[in-house]
Amino acid sequence: NEEVLEAARFFLRYVGYTLGEKGRWKNQPVFYGKRSEGEVTYEIMGLVRHSMKEVADGVAQLVKMKEELGEKIEYVIALPPVQERHLIDYMTADDYKLYKDLRENAFAVWICNPQEKSVWCPQGALKDKRFAEYYKVRFGSDLMGMLANMPYRGGKRDDRRHLMEGLME
C-alpha cells in the first residue's frame with residue numbers, strides 16, 4: 001500500500017529522521033531512516049503490510065533482517081488503519097502467537113493513517129523515546145497485552161468475566 005508507505009516515511013521525517021537509500025543488505029526493508037542526537041545514532045527500518053493477515057509474514061522477514069543486521073536497529077511493521085478489535089483478536093489467536101513473536105523480537109507495529117498523516121503504535125517501544133512524543137495515541141509499549149488481558153477477554157478469566165457481566169446488569 002503506497003499510501004501507508006508514504007505515511008510511514010512522512011512520520012519518520014516528522015520525528016526528525018533522514019530517510020536513507022536501500023543498503024547492501026540481503027533482506028531489504030521498504031523504508032529506512034536514521035537520526036543522530038549527540039553521540040547516539042538511531043536507525044529504523046520497516047515493512048508495510050496491507051492487513052493483519054500479512055503481519056506473520058512480516059515478522060518472519062524482520063527476523064531475517066535482525067539476524068543479518070543485529071539489535072542496534074529498530075524494526076517496524078506498518079499497517080493501514082484497522083479496527084482495534086480485529087487487531088487484538090488476530091494478535092491473540094493461537095495462544096497469542098503473533099503477539100509473543102512481536103514482543104520477543106522487540107518489533108513495533110505502527111498503524112498509519114495516510115489521510116490524517118498520523119501514526120500510533122499499539123505494540124512495541126522503540127529505543128528512541130522521541131517517537132512517543134509524536135504518536136497520535138500514546139499508550140505504553142504493551143497495549144496489546146493490556147487489552148488482551150482485560151477482564152472480559154476470553155474464557156481464561158471466567159471469574160472476572162462474570163464479575164463484569166454482573167456489573168453491567
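Just so you know, these numbers come straight off a predicted model, no measurement behind them.
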Next item on the list: Taking the six-membered ring for Trp and the single ring otherwise, decide whether the centroids of Phe11 and Tyr135 are under 6.0 Å apart.
Entry: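 Distance test on ring centres: under 6.0 Å, yes.
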
Margin query: Does anything in residues 34-47 form a salt bridge (charged side-chain N to carboxylate O under 4.0 Å, His left out)? List the pairs, not counting sequence neighbours.
Written below: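 Pairs touching residues 34-47 that pass the test: Arg35-Glu37, Arg35-Asp128.
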
Checklist line | Atom NZ of Lys53: over 12 foreign heavy atoms under 6.0 Å | finding: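 Not more than 12 within 6.0 Å, no.
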
Just so I know, are the side chains of [X] and [Y] near enough to count as touching, which here means a heavy-atom distance under 4.5 Å?
| X | Y | result |
| --- | --- | --- |
| Glu3 | Pro80 | no |
| Leu47 | Phe107 | no |
| Leu102 | Met91 | yes |

Closest non-hydrogen atom pair, [X] against [Y]:
| X | Y | value |
| --- | --- | --- |
| Phe31 | Ala8 | CE2-CB, 4.0 Å |
| Val119 | Cys112 | CG2-SG, 3.8 Å |
| Tyr17 | Gly33 | CD2-C, 3.5 Å |
| Val59 | Ile77 | N-CD1, 3.7 Å |
| Lys100 | Asp95 | NZ-O, 3.2 Å |
| Thr41 | Lys72 | O-CE, 4.2 Å |

To the nearest 0.5 Å, what is the distance between [atom1] on [X] and [atom2] on [Y]?
| X | Y | atom1 | atom2 | result |
| --- | --- | --- | --- | --- |
| Trp120 | Ile111 | CH2 | CD1 | 5.5 Å |
| Gln61 | Lys66 | CD | NZ | 15.0 Å |
| Asp101 | Leu62 | CG | CG | 11.5 Å |
| Met65 | Asn105 | CE | CG | 13.0 Å |
| Ile44 | Lys127 | CD1 | NZ | 10.5 Å |
| Gln123 | Leu79 | CD | CG | 12.0 Å |

Check: Do Glu67 and Lys64 sit within salt-bridge range, that is, some charged N less than 4.0 Å from a carboxylate O?
Finding: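 Here Glu67 does not pair with Lys64 in a salt bridge, since their nearest N and O are not under 4.0 Å apart.
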
Margin query: Which label fits Tyr32 and Trp25: parallel for a plane angle under 30°, tilted from 30 to 60°, or perpendicular past 60°?
Written below: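 Rings of Tyr32 and Trp25: tilted, 30 to 60°.
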
Note to self: Using only atom types and a distance under 3.5 Å, with no angle test, would you say the side chain of Lys117 pairs donor to acceptor with the backbone of Phe10?
What the structure shows: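 Judged by distance alone, no pair lies under 3.5 Å.
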
Item checked: side-chain contact (heavy atoms from CB on, under 4.5 Å) assessment of Met52 paired with Val55 -> CA-CA 5 Å; Met52 284 303 301; Val55 173; 4.0 Å; yes

Next item on the list: Assess whether side-chain contact (heavy atoms from CB on, under 4.5 Å) is satisfied between Phe131 and Leu12, documenting all intermediate values.
Entry: CA-CA 9 Å; Phe131 279 105; Leu12 285 172; 3.8 Å; yes

